[in-house]
Enquirer: 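Have a look at this one before I ask anything.
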Amino acid sequence: MESAPTGTNARRVTIRCAFCLTLNDVEIEKAAERPTCENCQRPMLLDRPVKVADEDFDTTVLGAGEILAPTLDDIARENQGRMLVAKVDTDHAPELAQRYEIRGVPTVILFRAGEEIARSWGIEPEKLQAMVRDATGTP
């Protein structure tokens with residue numbers, strides 16, 4: 001079995017602390033170890049969707065590699081360490097809604113290396129699971 005990447009080969013994401021709003025550089029593969037905020041030392045809760053806004057969407061979502069946003073808490077929990085799940089409140093991020101042509105909620109978009117690779121509209125559990133399996137390489 002291969003070990004998760006570490007050091008310079010690790011997949012890193014920039015995530016805003018839900019408590020103090022500081023941007024943190026986090027190794028996604030170590031999400032289960034509950035990394036803490038560099039500023040307030042509170043846990044970075046990566047077993048649920050991460051909230052992002054207009055000002056940190058590019059850094060957090062497009063810079064992370066593979067992200068599904070918005071989605072269900074269980075997808076975040078089941079794929080902790082393999083993908084980052086982010087949730088955008090389109091009422092508070094209208095520029096993002098327009099930029100990505102989000103016309104209805106829920107809209108789920110999967111990004112890889114900053115590019116959209118899949119999209120789901122409405123409630124499509126089978127499609128969401130297929131998107132996650134394709135992105136993570138899990139059966």
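What you see below is based on every heavy atom in this structure, not just the backbone, and it leaves out hydrogens, waters and symmetry mates. Just so it is clear, the structure is predicted and the values come from calculations on it, not from any experiment.
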Enquirer: Rounded to the nearest 0.5 Å, what separation is found between the CD atom of Glu29 and the CD atom of Gln80?
Expert: 11.5 Å
Enquirer: Out of curiosity, Asn24 CG to Thr36 OG1, how far, rounded to the nearest 0.5 Å?
Expert: 8.0 Å
Enquirer: Look at the aromatic rings of Phe111 and Phe57 and report parallel, tilted or perpendicular, splitting at 30° and 60°.
Expert: perpendicular
Enquirer: Output yes when a side-chain donor or acceptor of Asp89 lies under 3.5 Å from a complementary backbone atom of Ala53, and no otherwise.
Expert: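 No, the answer is negative, given that no donor and acceptor are paired below the 3.5 Å cut-off.
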Enquirer: Check whether Arg119 reaches the backbone of Ile109 with its side chain - one donor and one acceptor, N or O, closer than 3.5 Å.
Expert: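 Side chain of Arg119 to backbone of Ile109, a donor-acceptor pair under 3.5 Å: no, none is there.
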Enquirer: So, Thr60 side chain and Thr14 main chain: donor-acceptor pair closer than 3.5 Å or not?
Expert: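 Yes; judged by distance alone, with no hydrogens or angles, the pair exists.
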Enquirer: Roughly how far, to the nearest 0.5 Å, is the CZ atom of Phe19 from the CD atom of Gln41?
Expert: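 Here the interatomic distance stands at 12.5 Å.
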Enquirer: Mind running side chain to side chain contact (heavy atoms under 4.5 Å, CB included) on Cys40 and Thr22 for me, showing each step along the way?
Expert: CA-CA 8 Å; Cys40 71; Thr22 300; over 6 Å; no
Enquirer: Would Ile75 and Met131 count as a side chain to side chain contact (heavy atoms under 4.5 Å, CB included) here? Give the steps.
Expert: CA-CA 11 Å; Ile75 291 177; Met131 288 168 54; over 6 Å; no
Enquirer: Can you check whether Leu84 reaches Val50 side chain to side chain, under 4.5 Å on heavy atoms?
Expert: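 Answer yes - side chains close enough.
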Enquirer: His92 and Asp54: which non-hydrogen atoms are nearest, and at how many Å?
Expert: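 Shortest heavy-atom contact: O-OD2, 4.1 Å.
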Enquirer: Can you tell me how far apart CG (Leu23) and OG1 (Thr59) are? Round to the nearest 0.5 Å.
Expert: 6.5 Å
Enquirer: Taking the side chain as every heavy atom from C-beta outward, state whether Met83 and Leu110 have any pair of such atoms under 4.5 Å apart.
Expert: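 Heavy-atom side-chain distance check passes, below 4.5 Å.
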Enquirer: What pairs of residues pass the salt bridge (Lys or Arg N to Asp or Glu O under 4.0 Å) test when at least one of them lies in residues 33-53, not counting sequence neighbours?
Expert: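 Qualifying pairs: none.
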Enquirer: If I take atom OG1 from residue Thr136 and atom CZ from residue Arg82, how far apart are they, to the nearest 0.5 angstrom?
Expert: 5.0 Å
Enquirer: Tell me whether Gln98 at atom CD has more than 12 heavy atoms from other residues, nucleotides or ligands lying less than 6.0 Å away.
Expert: no
Enquirer: Determine, using the 4.5 Å side-chain heavy-atom cutoff (strictly less than), whether Ile102 and Leu62 are members of one ILVMFWY cluster.
Expert: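 Same hydrophobic cluster.
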Enquirer: Would you sort out whether Thr138 and Glu78 count as a side chain to side chain contact (heavy atoms under 4.5 Å, CB included), showing the intermediate values?
Expert: CA-CA 11 Å; Thr138 56; Glu78 291 167 8; over 6 Å; no
